[in-house]
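A short write-up of the structure that comes next.
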Amino acid sequence: MLKNKYIGIGLTIIIVSMVFLLYALKIGPFNSPAQKPVEPVLSTTSDKTNENTGEKTDVKTDDKKYLTAMEAWRLGYEEAKKHTEEDPLLIDLTSTDSVVLPQERNDGMDGKRNAWNALFGSKNGNISILISIRNGKATVDNVKKNKTHLLMKGHYAISDVKIDSPEVIKKAIEVLGMQPGNPQIEDDWIKGYHFNIAGFITDPKSSKPRLLLRVTGISPNSPNLENDSLRMNVFFDVTTGEILSASEMTGYDKDGRTNWRDIKLKQ
């Protein structure tokens with residue numbers, strides 16, 4: 001009888017252990033839904049004590065490889081060249097939070113992110129190449145070919161851009177008081193600061209896009225009276241680094257659509 005009792009206890013412990021293991025595998029690391037791993041990286045920050053203040057701050061470790069927008073573009077370009085004999089021209093480059101590793105509040109403050117997506121295309125629209133850049137490594141996610149040239153056309157060369165993300169984020173923070181997205185605030189949507197290089201329509205009378213560098217963060221006026229998180233966009237001329245326009249959310253309308261207002265820039 002005593003023997004059967006111990007056997008029963010042992011079976012119970014084994015069953016509980018198996019259930020816990022399956023649950024851990026299901027939710028994945030960092031208490032988030034399991035996703036396809038990008039890089040076998042575990043830690044992201046370490047504590048460092050400021051010798052002057054004695055305060056501890058988060059310091060990025062070598063586990064993540066951070067790149068500026070132009071560094072990511074060049075890396076993606078070199079990978080895209082392996083898949084086409086034509087010159088791969090940029091369609092869109094953007095930093096992203098869509099990764100397994102948790103992104104942090106200060107990510108992007110120095111103009112660098114560890115995760116980027118880049119879309120390249122040919123001048124005549126016969127090929128498009130989607131590339132993901134994670135921790136300094138470029139990987140081709142998708143290559144499309146079309147003999148009738150119906151794919152999105154590439155437009156922009158690296159030589160078209162004379163500025164980089166570290167310059168523009170500094171200006172967005174100093175001039176407009178842009179704040180980073182806080183991972184602890186779910187309504188912030190973004191984490192840190194994000195960057196996008198692409199063609200944007202700036203003239204309502206023309207359908208021709210203009211190549212701009214956009215910085216996205218959180219408005220210094222966030223949250224509003226309804227406690228809504230207010231995002232903010234600042235657009236920069238890619239040749240001069242000049243702020244062309246800026247806008248911030250003011251809230252949501254009755255249908256749940258975001259309302260925005262233009263920010264008046266000081267001359």
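Any value given below was found using the heavy atoms of this structure, including those in side chains, with hydrogens, waters and symmetry copies removed.
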Could you check whether K64 pairs with E104 (Lys NZ or Arg NE/NH1/NH2 to Asp/Glu carboxylate O, under 4.0 Å)? yes

Are L67 and I158 linked, directly or through intermediate hydrophobic residues, by side-chain heavy-atom contacts shorter than 4.5 Å (ILVMFWY only)? yes

Please find the pair of heavy atoms, one from G251 and one from D228, that lie closest to each other, and give the distance. CA-OD2, 4.2 Å

Could you please spell out the steps behind the salt bridge (Lys or Arg N to Asp or Glu O under 4.0 Å) verdict for E248 and R261? CA-CA 6 Å; E248 65 178 349; R261 76 171 185 89; 2.4 Å; yes

Residues K170 and D110 bridged, charged N to O under 4.0 Å: no

Is it the case that T216 and N233 place a side-chain donor and acceptor less than 3.5 Å from each other? yes

For L230 and S222, work out which heavy atoms get closest and say how close. N-OG, 2.9 Å

Under a 4.0 Å N-O cut-off, is there an ion pair linking R74 with E71? no

Looking at N196 and R214, would you say the former's side chain and the latter's main chain have a donor-acceptor pair under 3.5 Å? no

Flag side-chain contact, heavy atom, 4.5 Å: Y156 against W73: yes

Please report the closest heavy-atom contact between M178 and V234, naming both atoms and the distance. CE-CG2, 3.5 Å

Under a 3.5 Å threshold, yes or no: a donor from one side chain and an acceptor from the other, between N135 and N114? yes

Stepwise side chain to side chain contact (heavy atoms under 4.5 Å, CB included) test for L89 and H155: CA-CA 6 Å; L89 300 174; H155 292 284; 5.8 Å; no

Go through the steps to decide whether I129 and T84 satisfy the test side chain to side chain contact (heavy atoms under 4.5 Å, CB included), and finish with yes or no. CA-CA 9 Å; I129 305 169; T84 176; 3.9 Å; yes

Interatomic distance, CG@D255 vs OG1@T258, rounded to 0.5 Å, equals 12.0 Å

D87 and Y77: side chain donor to acceptor below 3.5 Å: yes

Just checking, any donor-acceptor pair under 3.5 angstrom between side chains of S132 and N117? no

Side chains of L151 and H149 in contact at under 4.5 Å (non-hydrogen atoms): no

Applying a strict under-4.5 Å side-chain criterion to I, L, V, M, F, W and Y, I'd like to know whether I169 and L265 cluster together. yes

Within-4.5 Å side-chain heavy-atom neighbours: D107 and R113: yes

For a quick test of reading the model, state the closest non-hydrogen atom pair linking A118 to L93 and the distance between them. CB-CD1, 3.7 Å

Atom pair NZ (K171) and CG (L176), whose distance is rounded to the nearest 0.5 Å: 10.0 Å

Closest heavy-atom pair and its distance - V143, V140: CG2-CG1, 3.5 Å

Please collect all ring pair (Phe, Tyr, Trp, His ring centres under 6.0 Å) contacts where either partner lies in residues 92-111, sequence neighbours excluded, each pair once. none

For F236 and I163, which heavy atoms make the closest approach, and how far apart are they? CB-CD1, 4.2 Å

Would D188 and S229 count as having a side-chain donor-acceptor pair, cut-off 3.5 Å? yes

Look up atom OG in S122 and atom CG in N146, then write down how far apart they are to the nearest 0.5 Å. 9.5 Å

Checking side-chain polar atoms at under 3.5 Å, does T250 have a donor or acceptor matched by the opposite partner on N259? no

Note, L244 side chain near L212 side chain (heavy atom, < 4.5 Å): yes

Taking ring pair (Phe, Tyr, Trp, His ring centres under 6.0 Å) as the cut-off, I'd like each qualifying pair that reaches into residues 159-211, sequence neighbours left out, listed once. F200-F235

Is it the case that the side chain of R231 and the backbone of G217 share a donor-acceptor pair, with hydrogens and angles ignored and the cut-off at 3.5 Å? no

Are I190 and V215 co-members of a hydrophobic cluster defined by side-chain heavy atoms under 4.5 Å apart? no

If I take atom CH2 from residue W116 and atom CG from residue L75, how far apart are they, to the nearest 0.5 angstrom? 11.5 Å

Do S165 and K112 come close enough that some side-chain heavy atom pair is under 4.5 Å? no

Roughly how far, to the nearest 0.5 Å, is the CZ atom of R105 from the CE atom of M109? 6.5 Å

Determine whether R134 and V99 satisfy the following criterion, side chain to side chain contact (heavy atoms under 4.5 Å, CB included), listing intermediate values before the conclusion. CA-CA 8 Å; R134 303 290 186 270; V99 291; 3.3 Å; yes

Within 6.0 angstrom of E186 CD, more than 12 heavy atoms from elsewhere: no

Measuring from atom OG1 of T94 to atom CG of L119, what distance do you get when rounded to the nearest 0.5 angstrom? 11.5 Å

Assess whether side chain to side chain contact (heavy atoms under 4.5 Å, CB included) is satisfied between N126 and E86, documenting all intermediate values. CA-CA 10 Å; N126 68 325; E86 303 177 56; 2.9 Å; yes

Answer whether the closest heavy-atom distance between the side chains of I263 and M232 falls below 4.5 Å. yes

Is I218 reachable from I185 through a run of I, L, V, M, F, W or Y residues, each pair having side-chain heavy atoms under 4.5 Å apart? no

Identify whether V168 and V238 are in the same connected component of the hydrophobic contact network (ILVMFWY, side-chain heavy atoms under 4.5 Å). yes

